[in-house]
Amino acid sequence: MSRFDEEDAFEAAVAPQAPQGLSNSQRAMAARPTPYLDQLNDAQREAVETMDGPVLMLAGAGTGKTKALTCRIAHLLNTGRARPNEILAVTFTNKAAREMKERVGDLMGTSVAGMPWLGTFHSVCVKQLRRHGDLVGLKSNFTILDTDDVIRLLKQLIKAEGIDEKRWPARQLAGVIDAWKNRALTPAKVTDDEAFNGYGVKLYAQYQNRLKALNACDFGDLLLHMVTIFQNHPDLLEQYQRWYKYILVDEYQDTNVAQYMWLRLLGAAHKNVCCVGDDDQSIYGWRGAEVGNILRFEKDFPGAKVVRLEQNYRSTPHILAAASGVIAGNSNRLGKDLWTAEPEGELVRLIGHHDYEDEARWIGEEIEAMAGGARARLRKFSLEDMAILVRASHQMRAFEDRFLKIGLAYRVIGGPKFYERLECRDAIAYFRVVMQPEDDLAFERIINTPKRGVGPKALLDIQTMARTNGVSLKEGARLAVQEGLLKGKAKGAVAELVAQLDAWGNLAEQQIRYPGLDDDEAVVESVDCVPAEITHVELAERILDESGYTTMWQNDKTPEAPGRLENLKELVKGLDEHDNLHGFLENVSLSLDNDANEADPKVTIMTLHGAKGLEFPVVFLPGWEEGLFPSQRSMDESGLSGLEEERRLAYVGITRAEELCTISFASNRPVFGQWQTQMPSRFVDEIPSDHIDVLTPQAVGGRYGGQRGGFDDGFSSFESRMADADVYNSPGWRRLQDRANRAPAAKPVTLNMAAVSSFTIGDRVFHIKFGYGEVMSVDGDKLTIEFDHAGSKKLVASFVKPAAQADDAPF
DNA sequence: GCTATCCACTAACCT
DNA sequence: AGTGGATAGC
């Protein structure tokens, strides 16, 4: 996909003398059969066929929203309403954008070249801003800063202002500024009453000035700048309005004010705006999303057609009913009634555990059993079919640890990003300085990495030099060397670095004239000045080698060093997929998704937020405990609306499941390193009991007394706390208790087996008093064990553990 | 200028 | 429990 082709097409089409798309007769002739319409239900079809004017598609979870959306695009193209590059279609994630592109392609046959304006809000805005950034003082090669850069920049500003960093932590300020930007507030528009005594806005204004000086912007700016540009340049806006004949928006409930304004500006003329969303799945309020946008749609776009998609094709009735029961606790909903034609299926399963490690162990065993087809009534599942969805990413650890131990293949999605690792960030900083010499932040990062003997003192000198001469740090460094401001080791080191940067920069410029493919003015005559053509991949290697960065890790003896070198190799290898370093840097800053789709099946571990839009046959939802889920922080900061957002998150979680959904909670969990007694989540109580099957935890009661840092003192064992106090008087808890106390025979056999004992004859086990032994027979939850040194004993299963784990016993 | 140690703070997450 | 910042000591 060529930027230049698009540009030409764009300029041609918006130029006054250019032909205005297709004529009516051409359009009519372009119309082709519409087989895709046959796959749609009535509501979907209505949403697809209502092409003119505003449409709000209220699409509940699993109701075929993406299908409707992609069919709509196909229909617009197929009926000749618009050409592929005249449709603006925005999503929130790259993944969603990619999927939509693929599916439109499938519907249309192969021929959907282009759709250059199908992408995330941010990628589309970058494209616009690269063209028109000059209207807000940005050159077209501006840098996009990530949060790390932003915080470092703000820290500098705070320090320069002489403000106490304790009172104004940079992180917090970054949050405040981001929130303003999400609401489309430039410094001038921030009202006094939320200006934090003037300090906040003042710093905000300074920050914006710094960004401009750095030829950089942050994520929020991408949207905000475009809104500003369109507001100040109606003529330009008008061109875009004419160009984008149809606008489609995915996940509309997640839009913030800036995104909303951008959309309204672009759609104001023809109002062919189709927004798709589900108010019950709005889970990004803390990031500035305004549910109000979707609740207000009909007011914003009078005469809007509202279509409700309510037939669910994903989940069983029990799962759907459980989710509906929970979400019913929220007020302020547009309201939808999901239904399904599917047969009943399994009840939603609920289980409580003693602590988070038991929870992880139990889930691991369930997964293994289901993957082995060892669950009667249930079909056999692949690991690919199963997912563990957590509220907070730190919950993932327990599962990773456990799965590593038992050798269960898993994949963590949305964990620490590849490009966010130290070595990748360093390498990228080098590339940035080379490609964009004004990028002071990147310069600061690399000036003493690897160690060159250039410490804070030398850096300060360079900064002073740069500031007094009004130049970038790189130029400041050059001057500082020339003027003799730097001495000794620092002087030589800085001089060398600057010379290297120049040299790499030259190489970069040469290779940039060989984008190959689509730049028809590829400069052939420069060949004679560049005898050996250098690809950007080779250039990257050279930068890392000549700077000494690779050597630094080679000489590093810490255990992480080899891994880091591996990552650097990966990074360089990944460059191959981009046309040049510019393209690469752009994708990095817009966070290219890195989930390599390896072939072998794995269980997916991810956050609830990350799971939105996905579905799995089997879903585990651990950690449903007060304080964790709903998150205490959310409730503290946003009160009732925070709680309602958490509840929507619960709804999202349950509705990810197609066939089997298992919710669990632990009674004990360390919070900030302190063990805490946890109460089951109120959401557990909100699930209608008709749709729940309460399972019995495997290990009831304290296990090996006293091992857990003074925690397991008997009093806090599961059973003893059952006896205690009103806090466990919630309906959900009582239900759990009832089941636990019922005769074992009353429980479904399939589940009982796992719940009571996971040991089989021949297993090696370990007991705290009797040591190692072998299981001779199994009777319910009682085991007969032949101990190596203590003879034969009959014991309750919960008092022994598999021998394989005994190595982490403290003796 | 660099490294080692202590201390205070913190967990949501997409671009 | 893990991390980053501040400080002291080499």
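Each chain gets a letter, A, B and so on, in the order the sequences are listed, and its residues count up from 1. Note that these values count all heavy atoms, side chains included, but never hydrogens, waters or copies made by symmetry.
Every residue meeting the salt bridge (charged side-chain N to carboxylate O under 4.0 Å, His left out) condition with A/Glu637, not counting sequence neighbours, appears here in chain and number order: A/Arg633. Remark: A/Asn256 engages A/Asn182, A/Ala258, A/Gln259 in a side-chain contact (heavy atoms from CB on, under 4.5 Å) (not counting sequence neighbours). For A/Glu496, there are no salt bridge (charged side-chain N to carboxylate O under 4.0 Å, His left out) partners, not counting sequence neighbours. Qualifying salt bridge (charged side-chain N to carboxylate O under 4.0 Å, His left out) partners for A/Arg421, counting only residues two or more places apart in sequence or in other chains: none. Listed by chain and number, the residues in a side-chain contact (heavy atoms from CB on, under 4.5 Å) with A/Ala392 are A/His394, A/Gln395, A/Leu628 (sequence neighbours excluded). With sequence neighbours left out, A/Arg103 forms a side chain to side chain donor-acceptor pair (under 3.5 Å) with A/Glu99. Residues passing the salt bridge (charged side-chain N to carboxylate O under 4.0 Å, His left out) test with A/Arg656, sequence neighbours excluded: none. Applying the side-chain contact (heavy atoms from CB on, under 4.5 Å) rule to A/Lys491 yields the partners A/Val481, A/Leu486; only residues at least two apart in sequence or on another chain are considered.
Residue pairs that meet the salt bridge (charged side-chain N to carboxylate O under 4.0 Å, His left out) test with at least one member in residues 254-264 of chain A, sequence neighbours left out, are A/Asp254-A/Lys612, A/Arg264-A/Asp300.
For A/Glu625 and A/Ser681, the side-chain atoms include no donor-acceptor pair closer than 3.5 Å.
No engagement by A/Phe121 is indicated, since no non-hydrogen atom pair under 4.0 Å with the nucleic acid exists. Nucleic acid contact for A/Arg391: base, since at least one base atom lies under 4.0 Å from a heavy atom of the residue. Backbone-only contact: A/Lys155 has heavy atoms under 4.0 Å from sugar-phosphate atoms and none from a base.
When side chains are defined from C-beta on, A/Gln676 does not count as touching A/Arg669, because their heavy atoms never get closer than 4.5 Å.
Mapping A/Lys457 and A/His609 onto DNA chain B via the closest heavy atom, the residue that lands nearer the 5' end is A/Lys457.
Side chain of A/Phe219, nearest nucleotide from B/dT15, B/dC13, B/dA12: B/dT15.
Look at A/Asn94 and you won't find any side-chain N or O under 4.0 angstrom from OP1 or OP2 of B/dC14.
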Listed pairs, N/O of protein and of nucleotides 2-5 of chain B, under 3.5 Å:
residue: B/dC2; atom: OP2; partner: A/Asn448; partner atom: ND2; Å: 3.2

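Taking the 5' to 3' direction, DNA chain C first and last meets chain A under 4.0 angstrom from a heavy atom at C/dA1 to C/dG5.
At a non-hydrogen distance threshold of 4.0 Å, nothing from residues 624-632 of chain A comes into contact with DNA chain B.
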